[in-house]
Amino acid sequence: MGRTHAIVIGGSFAGLAAGRVLNDFFDRVTVLDRDIFPAGAADRAGVPQARHVHGLLLRGLHEYERFFPGFEALAIERGATFHDHTYDFAVLRPQGWTPRYRSGLKFLSASRELIESCVRDLFRRLPKVELRERAPVIGLAIDKYGAPRCRGVIVPRGSLASGSSDSTAAGNQEILDADLVVDASGAMSRAPQWLAAAGLHPPDETIVDPLAGYSSRWFQGPPPERWPDDWWWWAGAYIRRRPDDLVEANFQLKEHNRWHLTLSGFNRRYPPTDETGFTAFIERLRSPVIVAMTRLMEPISPVYANRAIRNRRRHYERWNERLDGFIAIGDSFCAYNPVYAQGMTAAAMSATMLRGCLERLGPAEGALAREFHRAEAEIQHGPWMLSAGVDLRFPFTAGDRPLSLKLFNQYLDRIGAAASDSVVRTRLLEVAQLVRPFDDLFEPSIMMRVGARTVAHAAASLAHVFSRNGAREIPPMPPPPTLADPPSTRTAA
Ligand SMILES: Cc1cc2nc3c(=O)[nH]c(=O)nc-3n(C[C@H](O)[C@H](O)[C@H](O)COP(=O)(O)OP(=O)(O)OC[C@H]3O[C@@H](n4cnc5c(N)ncnc54)[C@H](O)[C@@H]3O)c2cc1C
C-alpha cells in the first residue's frame with residue numbers, strides 16, 4: 001500500500017506523547033496497550049505506580065498543552081488545581097523547613113488517573129491514531145538480513161479483535177508490521193528479553209536500588225471552615241528523608257477535596273501495608289504536621305503498597321547493536337525514584353526531542369534510533385542525577401559511585417545548606433522542575449554564591465561555638481505546627 005505505519009507499545013504518558021508526535025510523520029499510528037482503559041479518571045492494572053501520589057510539573061504542563069491544546073482547561077474542568085510548591089506547600093528537608101516564597105512555578109495537582117484520562121481523551125481525537133486496548137505485545141519482529149531492522153511487533157493471535165490488514169499470523173502468534181516501533185511499555189518493559197530472543201545483546205542496564213517501599217491511601221478533606229486559619233499549607237506537606245530517618249511522607253490535595261498520602265521508606269524500612277500500621281507510622285513521623293492534617297479527614301481507600309520500584313536506566317544511547325526501526329521512550333528507557341515528580345514531564349520532553357529528530361532525519365532514516373537515544377539520554381541525565389544519584393549517597397543503596405557522583409552529592413548538600421540564598425534556591429528548583437537544564441546548577445555565578453554561603457555558614461558555626469552566650473540562629477521561616485506547640489504561623493513571604 002506504501003502507507004507508513006508506526007506502532008507504539010504502551011498507551012500511557014510516554015506512549016501517548018510519542019503517538020502524538022508520530023501522528024505528524026506517519027500515515028497511521030497504532031498504540032497497543034495490554035490494559036482496558038477506564039472511561040474516566042479511574043485506576044487500571046497496567047500502571048500500579050498510579051496508586052501513589054503524582055502531580056505534573058509546570059514544564060510537563062506546557063509540553064502536554066503543546067501536544068494536546070486544551071489539556072490544561074480539561075484538567076481544571078475535571079477538578080485539577082494549581083499550587084506553588086514553595087508557597088502553598090510545607091516541605092521539611094534534612095536541613096529544616098524550606099523557606100516559604102513564591103517561585104512562580106505552578107504545579108498541577110490531580111490524581112495521575114485524572115491527568116492520564118485528559119491526555120488519553122485528547123489523544124483519541126487525533127486523525128491518524130488508533131488506541132487499542134487488551135492488546136499485549138509479546139515480542140518484536142526483527143529482520144536480520146543486512147542491517148537488523150525491527151519490522152513490527154508480535155501479539156497473541158486473535159488479540160487484535162477487529163483484525164488488521166497488515167498482520168500475518170503464524171501458529172498462536174501474529175505479527176503486526178510497522179515502519180517504526182516505539183517501546184513505551186514502562187519500567188518493566190520486556191524489550192530487553194525480546195531483543196535477546198531475536199539474537200541481539202540487550203543494552204547495558206544500570207540499576208540503583210535504595211530498597212524502597214511505598215504505601216498510599218486516599219482521604220476526604222474537611223470542609224473549608226474546619227481548616228485552621230493559620231495552616232497556610234493548604235495544598236499539602238512533604239517530609240523528606242534524612243540519613244538518620246529514612247522515611248518520607250508526601251501528602252497532597254487532589255481533585256474534589258480528596259487528599260493523597262504516600263509514605264515511603266528506604267533501606268527496607270517499608271511502610272506498613274495495613275490500615276492500623278499505616279496510621280501508627282504517620283504518628284511516628286518526625287513532624288506531626290501530617291498526622292494533624294489526617295485527623296481532620298476521613299480515609300476513603302484501602303492502603304496500597306508497592307516495593308518493586310527501583311532506579312533503572314537502559315543504555316540504548318551506547319548500545320553496541322544496531323537496530324533500525326526501534327526506539328525506547330519514557331520509563332522503558334529510564335525510570336527513577338520520583339522524589340522530584342519528573343517522570344511524566346521527562347517522557348513528554350523526550351517526545352518533543354523525537355519530533356526534532358524526525359524533522360531533521362525523516363521517519364525512514366536508519367540513524368533515527370541512535371540519534372534519538374543520544375538526545376533522550378541528555379534529557380534524562382538531570383532527573384537521574386537528582387534521583388538515583390541522590391539515592392546513592394546512602395551506603396545501603398546498591399550501585400556504582402563514581403567520583404563525579406560523590407562530588408555532585410557534596411555540591412548538592414552545599415546547595416541545600418545555602419537555601420537562604422533565594423537565587424541558589426530558585427536555581428535548584430528550576431533545574432529540578434526541568435525548566436532549566438541540569439548544567440545550569442554549575443554556572444560560575446551560582447557556584448560562587450554556594451561557596452560564599454558555605455564560608456558564611458562555617459564562620460557562623462565557629463562564632464556560635466566561641467560565643468559566650470551561644471546566641472541561636474533565627475530560623476528562616478516559622479515552622480509548621482507541632483502538636484505540643486499549636487500553630488501560630490503567619491505569612492512569612
Ligand atoms: C511512586 C511513584 C510516584 C511517582 N510520582 C510522579 C509524579 O508525581 N510526577 C511524575 O511526573 N512522575 C511520577 N512518577 C513517575 C511516572 O509514574 C512515570 O515516569 C510515568 O508513568 C512513565 O510513563 P510511561 O508511559 O513511560 O510508563 P507507564 O506509565 O508505566 O506506562 C506503561 C504502559 O505500557 C503498558 N504495557 C506494559 N507492557 C505492555 C505490553 N507488553 N504490551 C502492551 N502494553 C504494555 C502498560 O499497561 C502501561 O499503560 C512516579 C513514579 C512512582 C513509582
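These figures come from a predicted structure and were not determined experimentally. Indexing begins at 1, ligand by ligand and atom by atom, following the structure's order. Numbering of residues begins at 1 and proceeds along the displayed sequence.
In this pair, F71 and Y64 present their aromatic rings tilted. The plane angle is within the 30 to 60° band.
Between E378 and R374 there is no salt bridge, since no side-chain N of the basic residue sits under 4.0 Å from a carboxylate O of the acidic one. By the 4.0 Å N-to-carboxylate-O rule, R241 lies close enough to D391 to be salt-bridged with it. For the pair R157 and E174, the salt-bridge criterion is not met [side-chain N within less than 4.0 Å of a carboxylate O].
Taking every heavy atom of F13 and a limit of under 4.0 angstrom, the matching atoms of ligand 1 come to 25 (O). Close approach to A135 involves these atoms of ligand 1, each under 4.0 Å from a residue heavy atom: 43 (C). Proximity to Q49 (heavy-atom distance under 4.0 Å) selects the following atoms of ligand 1: 17 (O), 21 (O), 28 (P), 29 (O), 30 (O), 52 (C), 53 (C). The atoms of ligand 1 that sit less than 4.0 Å from any heavy atom of A341 are 7 (C), 8 (O), 9 (N), 10 (C), 11 (O). Contact atoms of ligand 1 toward M344: 9 (N), 10 (C), 11 (O), 12 (N), 19 (O) (distance under 4.0 Å to a heavy atom of the residue). Here is the list of ligand 1 atoms found below 4.0 Å of a heavy atom in L32: 43 (C), 44 (N). Atoms of ligand 1 lying under 4.0 Å from any heavy atom of A184, numbered from 1 in the order shown and given with element: 32 (C), 33 (C), 34 (O). The ligand atoms of ligand 1 that sit less than 4.0 angstrom from a heavy atom of V53 are 3 (C), 4 (C), 5 (N), 8 (O).
The nearest heavy-atom contact from the protein to atom 18 (C) of ligand 1 is D331 OD2, 3.3 Å. In terms of protein heavy atoms, atom 47 (O) of ligand 1 is closest to D33 OD1, 2.7 Å. Annotation: atom 9 (N) of ligand 1 to nearest protein heavy atom, G55 O, 2.9 Å. The shortest contact between atom 36 (N) of ligand 1 and any protein heavy atom is with R34 NE, 3.7 Å. If you check which protein heavy atom lies closest to atom 14 (N) of ligand 1, you get H54 NE2, 3.3 Å. Of the protein's non-hydrogen atoms, V137 N, 3.0 Å is the one closest to atom 42 (N) of ligand 1. Among protein heavy atoms, atom 27 (O) of ligand 1 sits closest to G186 CA, 3.5 Å.
Side-chain N or O atoms of D183 include one that pairs as donor or acceptor with a backbone N or O of S185 at under 3.5 Å. Between the side chain of R102 and the main chain of D84, no donor-acceptor pair closer than 3.5 Å is present. Counting only distance, with no hydrogens or angles, the side chain of K144 and the backbone of A198 share a donor-acceptor pair below 3.5 Å. Checking side-chain atoms of T273 against main-chain N and O of A305 turns up no donor-acceptor pair under 3.5 Å. Side-chain atoms of H54 come within 3.5 Å of backbone N or O of H52 as a donor-acceptor pair. E205 contributes no side-chain N or O that, together with a main-chain N or O of R312, makes up a donor-acceptor pair within less than 3.5 Å.
Here T262 has no heavy atoms under 4.0 Å from ligand 1, in either its backbone or its side chain. Contacts between A14 and ligand 1, counted as non-hydrogen atom pairs separated by less than 4.0 Å, involve both the backbone and the side chain. Neither the backbone nor the side chain of A45 has a heavy atom within less than 4.0 Å of ligand 1. Contact annotation: for V47 versus ligand 1, heavy atoms closer than 4.0 Å belong to the side chain alone. Of the heavy atoms in A187, none comes closer than 4.0 Å to ligand 1. Contact annotation for M188 and ligand 1: no heavy atom of the residue comes within less than 4.0 Å of the ligand.
Under a 4.0 angstrom heavy-atom cut-off, A347 registers as lying outside contact with ligand 1. Using 4.0 Å as the threshold, R44 has a heavy atom nearer than that to some atom of ligand 1.
Under the 4.5 Å side-chain criterion, counting only non-hydrogen atoms from C-beta, V29 is in contact with V8. At a threshold of 4.5 Å between non-hydrogen side-chain atoms, the residues V21 and F67 count as touching.
For G330, no nitrogen or oxygen atom sits less than 3.5 Å from a nitrogen or oxygen atom of ligand 1, counting backbone and side chain alike. Considering both main-chain and side-chain atoms, F37 never comes within under 3.5 Å of ligand 1 through any nitrogen or oxygen pair.
The heavy atom nearest to atom 20 (C) of ligand 1, considering only R112, R132, H260, H52, is found in R112. Nearest to atom 39 (C) of ligand 1 by heavy-atom distance, out of A328, A348, P48, S185, is S185. Relative to atom 28 (P) of ligand 1, the option among A212, A50, S12 with the closest non-hydrogen atom is S12. Of all the listed residues (G60, G343, P338), P338 holds the heavy atom that lies closest to atom 51 (C) of ligand 1.
When the shell of 6.0 Å around CZ of R268 is examined, it contains 12 or fewer heavy atoms from other residues, nucleotides or ligands. Around CZ of R44, the count of heavy atoms belonging to other residues, nucleotides or ligands within 6.0 Å exceeds 12. The environment of CG in D244 is crowded: more than 12 heavy-atom neighbours from other residues, nucleotides or ligands sit within 6.0 Å.
When only modelled atom types and interatomic distance are considered, N250 and Q252 share a side-chain donor-acceptor pair under 3.5 Å. With hydrogens and angles left out, the side-chain atoms of H85 and H83 include a donor and acceptor closer than 3.5 Å.
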